[in-house]
Student: 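The structure that follows is given in the form of structure tokens.
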Amino acid sequence: MYRYLELRLIEHLREFLARTYGLENANIVVEQPPKIEFGEYALPLAFELARKLRKAPRKIAEEIVAGVGALPGFEKFEVAGGGYINVRVNRAELAAAVADDVKPPAAIPPGKVLVEHSSINPNKAAHIGHLRNAILGDTFVRLLRVAGREVDVQNYIDNTGVQVADVVVGFMHIEQKSRAQIETLAAAPQFDYVCWDLYARVSQWYAEDKENLKVRADTLHAIEEGNNETAAIADLISVSVLKRHLETMERLDIEYDFLPRESEILHLHFWDAAFGKLKEAGVLTYEASGKNKGCWVMRRAGTSKPLTTGSTEGTGEGRTGESHEADEGGISEEDQKVIVRSNGTVGYVGKDIAYHMWKFGLLGRDFGYRKFFRYPNAHECWISTTDGERDHPHFGDVAEIYNVIDARQSEAQNTVIEALRGLGHGEAADRYTHFSYEMVALTPRCAAELGYTLSEEDKARPWIEVSGRKGFGVKADDLLDKLIASAGKEVDARHPELSAAERGEIATQIAIGALRYFMLKFTKPSVIAFDFKDALSFEGDTGPYAQYAVVRASNIFRKGGFDPSQFCRDRSGDYLQTPGKDGGGKDAASRVSTEEFAGFLGGEGGDEIWELWLAAAQTSHVVGQCIAATEPAYLAKHAFRLAQLFSMFYHRHPILSEAGEGRKRFLLTTAAVVRRELIRVLGAMGIRVPAAM
RNA sequence: GCGCCCGUAGCUCAAUUGGAUAGAGCGCAUGGCUACGAACCAUGAGGUUGGGAGUUCGAUUCUCUCCGGGCGCACCA
């Protein structure tokens with residue numbers, strides 16, 4: 001609703017500026033004033049216009065305020081400071097609309113969205129770095145769905161790469177295990193943990209003797225070729241570990257729709273289809289000589305073609321040296337990215353280009369599909385195969401894609417984008433977003449706690465990178481278990497009257513809330529230096545704090561013998577409602593009239609509670625910002641702000657003992673609205689609210 | 001060497017994407033439970049936003065430069 005008013009305000013001002021000053025399509029920045037008393041919107045517009053109109057900002061602001069005229073839903077415009085225009089909405093009308101959960105129709109872009117996230121190598125247990133990826137991705141999926149978009153969730157499985165090969169090497173050559181023995185191990189619990197340890201041992205084994213690397217090369221080759229014992233073992237391992245990953249993520253309410261695997265990209269010859277098109281478009285060029293002789297290469301993203309000026313690669317001194325590539329239009333060696341190796345095999349980026357052509361429906365080939373994993377809610381997760389089932393959902397062929405992949409791969413991601421552009425698919429390239437985020441590392445203290453001995457140099461570092469190869473890191477399931485145990489201790493102490501099952505359920509929800517919130521509170525470019533002390537905190541700026549606010553709100557209604565739905569509507573998921581119908585599902589006797597809202601929210605005394613209402617009105621606005629900026633952290637901020645404002649409100653206004661009938665109804669409505677919004681925001685973060693805390 | 005990211009309170013992070021007096025949490029000090037359960041609230045101390053220059057009416061935000069840190073730059077994925 002807040003968002004809708006903002007759009008109306010912008011539109012209205014644009015019209016006014018065009019009419020009055022002849023300014024078309026002026027860029028109008030809208031923000032919130034620093035204090036609630038100043039109004040709901042602030043416009044620094046006059047500062048921007050000062051130069052164009054050659055007038056003092058304050059003068060312009062006065063003109064705008066005088067001439068802008070009335071706008072439904074708004075109370076007044078006023079000049080503040082050196083030329084700000086502060087805008088006041090009609091509080092009572094907005095509050096009534098929020099209580100009724102009015103959702104003005106919003107334009108939803110056409111087409112499906114594909115979000116790729118998790119994409120964990122299926123050769124070892126998931127760790128905290130993977131958790132950040134999955135939680136960011138899953139939250140973004142939820143945000144898109146809240147905004148009314150149709151979303152496919154994909155988890156790309158690299159089941160034929162070196163990482164899986166390494167574990168195969170470990171079982172076959174170090175452990176000397178037979179296929180049947182591995183099968184037994186894979187069927188037992190925590191197979192991913194077994195692989196975690198083995199993977200670290202294999203890395204060590206390679207380091208001991210370089211000859212051992214030959215085994216890896218042979219194994220990798222056999223896996224890629226398929227139809228042999230080694231490939232069968234690799235498949236057994238990758239599928240079993242993948243199942244474990246799905247189970248781990250399911251603990252956090254993270255689900256996928258489709259698991260495309262690299263093996264099918266190879267066996268269904270996706271690359272052949274892409275290769276032809278890439279050669280034809282001149283995206284790939286053959287190197288007949290030099291370092292990359294015999295390879296098909298592509299220009300590395302971020303390197304630009306030197307046009308008239310020579311490259312910096314001078315032959316001697318000075319800057320007059322001629323470019324090595326200008327004559328032939330070729331790419332200098334250091335700007336080349338090898339896509340097809342001289343032995344004819346295709347590398348990772350090549351496979352990724354083909355995969356992304358498929359995503360946009362540009363490849364002309366499709367996967368085979370088979371059901372793979374059924375979630376308790378009956379949701380079906382599909383996996384790629386060569387020969388699939390006849391009936392399956394239609395995947396791929398989407399309008400927009402988001403790839404949740406850490407920042408270290410931004411160059412590879414950009415190279416794929418440039419390949420699409422080079423193929424003439426500029427529109428697709430523009431709707432390809434690398435959802436980039438920084439890694440999760442460990443603080444030196446945390447590393448020491450885990451029993452790793454650190455060099456003096458490491459101790460001085462701000463963080464130490466997690467390394468699967470070294471087996472160095474915190475496993476996802478271990479962290480979750482720790483969080484549940486810690487939350488459980490608190491729940492047991494606070495609610496001895498509840499059954500063990502109920503307490504376990506609450507502890508789990510708190511643990512998930514703490515973990516998901518923790519991973520979302522940092523903005524994407526910030527490295528998370530992980531520490532158990534911070535992650536296990538349930539106080540302050542944390543998930544449990546926000547959950548607790550909702551529990552307290554619920555307790556008011558429970559103790560008072562009310563139902564929150566008496567006081568406010570909830571049209572979640574109802575996209576076709578007819579706005580403006582008063583009363584709706586609400587209890588008529590509990591309804592606060594617009595006149596009453598005006599009384600309680602008006603004047604200076606109303607500011608404090610109004611601030612809470614305004615924040616509650618902003619959820620869809622925040623959701624829009626999160627999507628536009630691909631930044632779920634704004635959502636966590638919003639949840640915290642709502643919870644914090646509610647906690648203050650809760651302390652200052654004892655509701656059930658309120659003597660005034662009208663005021664009590666108003667306070668209950670306030671609590672009901674904030675509760676609804678907090679549940680909604682936490683829901684978008686994948687956090688549920690426990691029955692008690 | 002080239003490219004990308006980061007540097008804000010003791011610590012961990014925000015700052016509406018260029019706007020009004022730079023805000024939170026943790027920690028520290030003090031105070032508040034016969035309860036709509038304190039996983040909470042209130043009060044306080046704590047800042048030359050790494051240094052410098054520039055653009056702008058206005059810079060934590062943009063540009064340049066220096067300092068410090070991180071990550072990329074394989075015929076790996």
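In what follows, every chain begins at residue 1, and chains take the letters A, B, ... in the order their sequences are listed. Treat the numbers as computed from the prediction; the structure is a model and nothing was measured.
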Student: Respond yes when some side-chain nitrogen or oxygen of K559(A) is under 4.0 Å from OP1 or OP2 of G37(B), and no when none is.
Tutor: yes

Student: Send over the distance from N414(A) CG to G72(B) C1', rounded to a whole Å.
Tutor: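 Going from N414(A) (CG) to G72(B) (C1'), I get 12 Å.
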
Student: Decide yes or no, distance alone: a donor-acceptor N/O pair under 3.5 angstrom between the base of A20(B) and the side-chain of N86(A).
Tutor: yes

Student: Looking at C40(B), U21(B), C36(B), which one has an atom nearest to any side-chain atom of Y548(A)?
Tutor: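 Nearest to the side-chain atoms of Y548(A), counting from C-beta on, is C40(B).
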
Student: Please check the phosphate of C41(B) (OP1 and OP2 only) for any side-chain N or O of R652(A) closer than 4.0 Å.
Tutor: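 No, R652(A) has no side-chain N/O under 4.0 Å of OP1/OP2 on C41(B).
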
Student: Give the rounded distance in Å between these two atoms: CZ of F538(A) and P of A39(B).
Tutor: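 Checked: the CZ to P distance equals 13 Å.
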
Student: For K35(A) and A15(B), give me the distance from atom NZ to atom P, rounded to whole Å.
Tutor: 22 Å

Student: Hey, which sits more toward the 5' end of RNA chain B by its nearest nucleotide, P654(A) or G347(A)?
Tutor: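 Of the two residues, P654(A) wins.
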
Student: R408(A) side chain: which of A39(B), G70(B), C71(B) is closest?
Tutor: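 For R408(A), the side-chain atoms sit closest to C71(B).
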
Student: Can you check the E490(A) CD to G37(B) C1' distance for me, whole Å?
Tutor: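 In whole Å, G37(B) C1' and E490(A) CD are 13 Å from each other.
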
Student: Side-chain N or O of N343(A) less than 4.0 angstrom from OP1 or OP2 on C75(B)?
Tutor: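 No, outside the criterion.
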
Student: What N/O pairs connect the protein and nucleotides 1-12 of chain B at under 3.5 Å? Give each pair on its own line.
Tutor:
none

Student: For M439(A) and G69(B), what is the distance between atoms CE and P respectively, to the nearest whole Å?
Tutor: 15 Å

Student: Which nucleotide, if any, forms a Watson-Crick or G-U wobble pair with U8(B), using both distances under 3.5 Å?
Tutor: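 Matched U8(B) with nothing under the 3.5 Å cut-off.
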
Student: Which word best sums up how the rings of F567(A) and F562(A) line up, parallel for under 30°, tilted for 30 to 60°, or perpendicular for over 60°?
Tutor: perpendicular

Student: Among K351(A), E264(A), E262(A), whose side chain to side chain donor-acceptor pair (under 3.5 Å) with T160(A) holds?
Tutor: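 Among K351(A), E264(A), E262(A), the one that satisfies the side chain to side chain donor-acceptor pair (under 3.5 Å) with T160(A) is E262(A).
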
Student: Under 4.0 Å: is that the gap between some side-chain N or O of Y545(A) and OP1 or OP2 of C41(B)?
Tutor: yes

Student: Kindly assign one of parallel, tilted or perpendicular to the pair F649(A) and F646(A), based on the angle between their ring planes and the thresholds 30° and 60°.
Tutor: tilted

Student: Under 3.5 Å, sequence neighbours excluded: what are the donor-acceptor pairs made by side chains of residues 664-675 of chain A?
Tutor:
from, atom 1, to, atom 2, distance (Å)
K664(A), NZ, L656(A), O, 3.3
R665(A), NE, E661(A), OE2, 2.7
R665(A), NH1, R591(A), O, 2.6
R665(A), NH1, E596(A), OE1, 3.1
R665(A), NH1, E596(A), OE2, 3.4
R665(A), NH2, E596(A), OE2, 2.8
R665(A), NH2, E661(A), OE1, 3.1
T669(A), OG1, R665(A), O, 2.7
T670(A), OG1, W613(A), NE1, 3.1
T670(A), OG1, F666(A), O, 2.9
R675(A), NE, S554(A), OG, 2.8

Student: Report which part of the nucleic acid A42(A) touches: base, sugar-phosphate, or nothing (heavy-atom distance under 4.0 Å, all strands).
Tutor: base

Student: For a quick test of reading the model: is some side-chain N or O of R641(A) closer than 4.0 Å to OP1 or OP2 of A24(B)?
Tutor: no

Student: Starting at CZ of F640(A) and ending at C1' of U16(B), how long is that distance when rounded to a whole Å?
Tutor: 17 Å

Student: Determine, step by step, whether W296(A) and F275(A) satisfy the ring pair (Phe, Tyr, Trp, His ring centres under 6.0 Å) criterion, reporting the C-alpha distance in whole Å, the side-chain angles of both residues, the deciding distance to 0.1 Å, and the verdict.
Tutor: CA-CA 10 Å; W296(A) 286 86; F275(A) 194 22; 5.4 Å; yes

Student: Considering only side-chain heavy atoms of E465(A), which listed nucleotide, C36(B), C75(B), C71(B), is closest?
Tutor: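 Per side-chain heavy atoms of E465(A), the pick is C71(B).
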
Student: Among E78(A), E40(A), E37(A), exactly one meets side chain to side chain donor-acceptor pair (under 3.5 Å) together with R88(A). Which residue is that?
Tutor: E78(A)

Student: Set out, in order, the CA-CA distance, both residues' side-chain angles and the distance that settles ring pair (Phe, Tyr, Trp, His ring centres under 6.0 Å) for F538(A) and Y545(A), then state yes or no.
Tutor: CA-CA 7 Å; F538(A) 299 148; Y545(A) 174 87; over 10 Å; no

